[in-house]
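Contents: one structure, followed by commentary.
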Amino acid sequence: MPKEFDMVKYQKMFVTEAREALRVMNEAMLELEKNPDNKELVDQIFRSCHSIKGMAGMMNQTVITNLSHALEDVLSSVREETLTPTDDVAECIFKAMDALEAMVGSFESSSQVQDNPQLIEELKAVLAKPAPVKKEKGTKSKKEKASASKPDTTSISIKLGKRCALPSARAVVILKELSKTSTVLSTNPNEDEIEKENMFEELMVVVEPGNKLQEALQRVLAMADVEEMYLGASDEPREKWQKMAKQDKVVGPVASETALPQTVRVGMDKLDDLLDNVGELVIGRSRLLEKASVRDDHELQEISSLIDKLTVDIQSRVLGIRMIPLDVVMSRFPRMVRDIAKNEGKDVELVVEGGSIELDRTVVDKITEPMMHLLRNCVDHGIEPADDRLRSGKRAKGLIRIVASKQQDHVLIEVSDDGKGIDLDTVRQSAVAKGLMTQEQAQEALGRDLIDLLFRPGFSTSSKVTEVSGRGVGLDVVKRNVEELGGSVMVNTAKGAGTTFSLWLPFTLAIIDAMLIGIETQTYAVPMGTIVESHRFGAEEIKTIRSRDVVQLRGEILPLISMRDFFGIERVDRSEGINTLIVQSRDRRAALEVDELVGHHQIVVKSLDRRLRKVKGISGGTILGSGKIALIIDVESILGG
């Protein structure tokens, strides 16, 4: 088998595993800065770096291997307590992790990775000039620790099958699995021999066992190419080692826990294709149900009912597969906030809540950039320098919060800071200076109008352009991306008390529940998440206040919006009463007057052509069971959002 073929075959796996390892390293390193004495975090970072080094060696990526090795040396010194992971040492480690991430990205796109000898020299310089650290009495070097703990180490012999085509690759996977729960002290063959892809049938590993070593051993035994395993204390003769054959089963909680993590990685393009097919299946289901309902054929109705049930189940499962937790996005923000705050000379704490809430993968991908812009805005424009905060009676460290919560059929993500808030007078001055308003218009403008200016392309209140802000592209991107998802943005601010950006987002963009309504000869769809109830009002219940039609429902005065008026269609006689849908968007409610309420349906959302996306009142379209097209009503824009 040609080597190049193997490289292509395992390239995606390497990129995915390396990025996951780097994510773990970043999160652990951020915690380590706060708790530099936490040895478990150091071990976690070291193991992840070691995994990247081993995998890169298997992929013949010498550049990544060399940088990982240099970083590993620094981390080893941190483990031995000859270096403290703060200040310059921490910065160098972060810099190396960023370089590794860039190298992995280059390898994914072109397989050509640029060397970074300067960074390797910086890592060596950190080792050459270690920060003075006082070692407590009884603190031992790595070799002393190894010798002192030798009776507590475990030796493992793993025999591979004779048909194992890539023993080195299998060895790297095994070592990575073992390193998740224990500290790997040595291997035979050693790392260099494994990286050279020498053939072998037995892998010897000496570990300092962790609490869940047995679980890791069971996962190793379940791997392909692993035939049997022997293990025992390192100071015992091999004859006394315990044999763990592949057919052995562990009773109790270990067996049940090891059976759980059965996962398969699938490309998003395949899931998108599957979802498209499910969408067509939903449309076909609707057509079948419509035909069956008008025919006196019991067997056809029974079959259509079965197809309906199966389609709903398949649709639910496919949408569930596409749903991922917000943590996927939020996990990268602490590092970003830390770096920006450090460059700005500010002390900032980031608190994240609600990361377990799941959204469609498309939504999660689309909000990543807006969230980054909002956090940059919070650090740069919102949070004040420590001295200013202390003079204002605040604590020196600024606080930024990201809170996600479920709100009916939407997710609300709030990004807030306890900084200085938005100075509306500064916004007025910028608007006048940029020619967007006259001096008189600026003085008369309401707060909401001024805040809307912040979302205009090119508008910025910053007096200078920096790497973080000043070009007026941040909030523009936020609004555009969120609105493309069918969501909306709200801003609440108070001078001296901080600012909160609220993002309202749909859970999924693919298939939604909707109420079909009739207006003239056209059918429209209203998302069920915006509907409170339906109600029929008599002609005498329609009143006029300030030249606007209103109705009263259980003591609440609601604006009455005629959909015929909205679409420019001639009104019908109201003498016999009207059909309405009571709809709500955020804190606004109204009654939409419609000709007919057709019924509840599940619809497949189809996006509009780019030229039609600015049409007020319409957010998309769908294909009905009859084959006709129905436009989807955008309640948010109709209510004046």
Side-chain angles (χ1 to χ4, degrees), residues 283 286-287 290 294 409 483-484 486-488 506 509 512-553 556-586 588-641:
I283 294 172
S286 299
R287 297 185 67 182
E290 189 169 313
V294 297
D409 67 331
E483 288 183 348
E484 284 179 0
S488 59
L509 304 177
I512 62 172
D513 290 320
M515 172 70 75
L516 298 186
I517 61 173
I519 303 171
E520 188 72 1
T521 58
Q522 180 67 43
T523 301
Y524 295 87
V526 182
M528 290 295 293
T530 63
I531 299 174
V532 179
E533 60 180 296
S534 60
H535 195 85
R536 183 171 177 83
F537 291 97
E540 71 282 358
E541 295 181 272
I542 303 173
K543 308 296 181 183
T544 302
I545 299 178
R546 295 181 182 177
S547 303
R548 295 189 64 181
D549 291 341
V550 298
V551 290
Q552 185 173 358
L553 181 64
E556 181 182 5
I557 303 297
L558 299 173
L560 176 61
I561 301 173
S562 168
M563 295 307 296
R564 280 179 167 267
D565 289 350
F566 188 85
F567 290 121
I569 305 172
E570 185 180 352
R571 275 195 187 184
V572 295
D573 182 26
R574 288 176 166 177
S575 60
E576 295 184 5
I578 58 172
N579 295 314
T580 66
L581 282 179
I582 311 302
V583 295
Q584 178 171 345
S585 176
R586 298 200 297 252
R588 299 188 298 275
R589 288 160 65 106
L592 300 185
E593 179 186 353
V594 301
D595 293 356
E596 180 186 6
L597 301 177
V598 179
H600 167 254
H601 284 261
Q602 280 191 329
I603 62 171
V604 180
V605 179
K606 302 289 185 181
S607 59
L608 296 173
D609 184 271
R610 184 171 296 179
R611 292 166 294 182
L612 299 175
R613 289 177 188 169
K614 297 292 185 181
V615 176
K616 186 177 180 181
I618 302 297
S619 62
T622 187
I623 301 174
L624 303 176
S626 61
K628 294 182 179 179
I629 294 175
L631 296 176
I632 301 172
I633 298 294
D634 181 9
V635 173
E636 169 75 17
S637 64
I638 290 176
L639 297 191

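Just so you know, these numbers use all the heavy atoms, side chains as well, and skip hydrogens, waters and symmetry mates. The residues of the chain are indexed from 1 along the displayed sequence.
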Note to self: Tell me whether Arg564 is salt-bridged to Glu520, with the criterion being a basic N under 4.0 Å from an acidic carboxylate O.
What the structure shows: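 Yes.
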
How long is the span from the [atom1] atom in [X] to the [atom2] atom in [Y], to the nearest 0.5 Å?
X: Leu558; Y: Arg588; atom1: CG; atom2: CZ; value: 14.0 Å
X: Leu592; Y: Ser534; atom1: CG; atom2: OG; value: 12.0 Å
X: Lys616; Y: Glu636; atom1: NZ; atom2: CD; value: 10.5 Å
X: Ile517; Y: Asn579; atom1: CD1; atom2: CG; value: 10.5 Å
X: Asp513; Y: His601; atom1: CG; atom2: NE2; value: 11.0 Å
X: Phe537; Y: Asp549; atom1: CZ; atom2: CG; value: 12.0 Å

Closest non-hydrogen atom pair, [X] against [Y]:
X: Lys543; Y: Glu540; answer: NZ-O, 3.2 Å
X: Ala525; Y: Ala514; answer: CB-CB, 4.1 Å
X: Pro559; Y: Arg548; answer: CB-NH2, 4.2 Å
X: Ser637; Y: Gly617; answer: OG-N, 3.0 Å

Measure the shortest side-chain to side-chain distance between [X] and [Y] over non-hydrogen atoms and say whether it is less than 4.5 angstrom.
X: Leu560; Y: Ile578; result: yes
X: Ile632; Y: Pro527; result: yes
X: Met563; Y: Ile633; result: yes
X: Ile531; Y: Met528; result: yes

Can you establish whether the number of heavy atoms outside [X] located under 6.0 Å from its atom [atom1] is more than 12?
X: Ile557; atom1: CD1; value: yes
X: Arg287; atom1: CZ; value: no
X: Glu576; atom1: CD; value: no

Val526 and side chain to side chain contact (heavy atoms under 4.5 Å, CB included): which partner among Leu597, Ile638, Leu581, Val594?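 Running side chain to side chain contact (heavy atoms under 4.5 Å, CB included) over Leu597, Ile638, Leu581, Val594 with Val526 returns exactly one hit, Leu581.
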
Closer than 3.5 angstrom, by distance alone: can the side chain of Thr580 be matched with the main-chain N or O of His535 as a donor-acceptor pair?
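Checking the backbone N and O of His535 against the side chain of Thr580, a donor-acceptor pair under 3.5 Å is found.
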
Fill in: Thr523 vs Lys628, side chain to side chain contact (heavy atoms under 4.5 Å, CB included): CA-CA, chis, key distance, verdict
CA-CA 9 Å; Thr523 301; Lys628 294 182 179 179; over 6 Å; no

| Checking side chain to side chain contact (heavy atoms under 4.5 Å, CB included) for the pair Asp634/Ile618: CA distance, chi angles, key distance, verdict? | CA-CA 5 Å; Asp634 181 9; Ile618 302 297; 5.8 Å; no

Practice problem: Decide side chain to side chain contact (heavy atoms under 4.5 Å, CB included) for Leu553 and Glu533; before the verdict, give the C-alpha distance in whole Å, the side-chain angles of both, and the deciding distance to 0.1 Å. | Solution: CA-CA 11 Å; Leu553 181 64; Glu533 60 180 296; 3.6 Å; yes

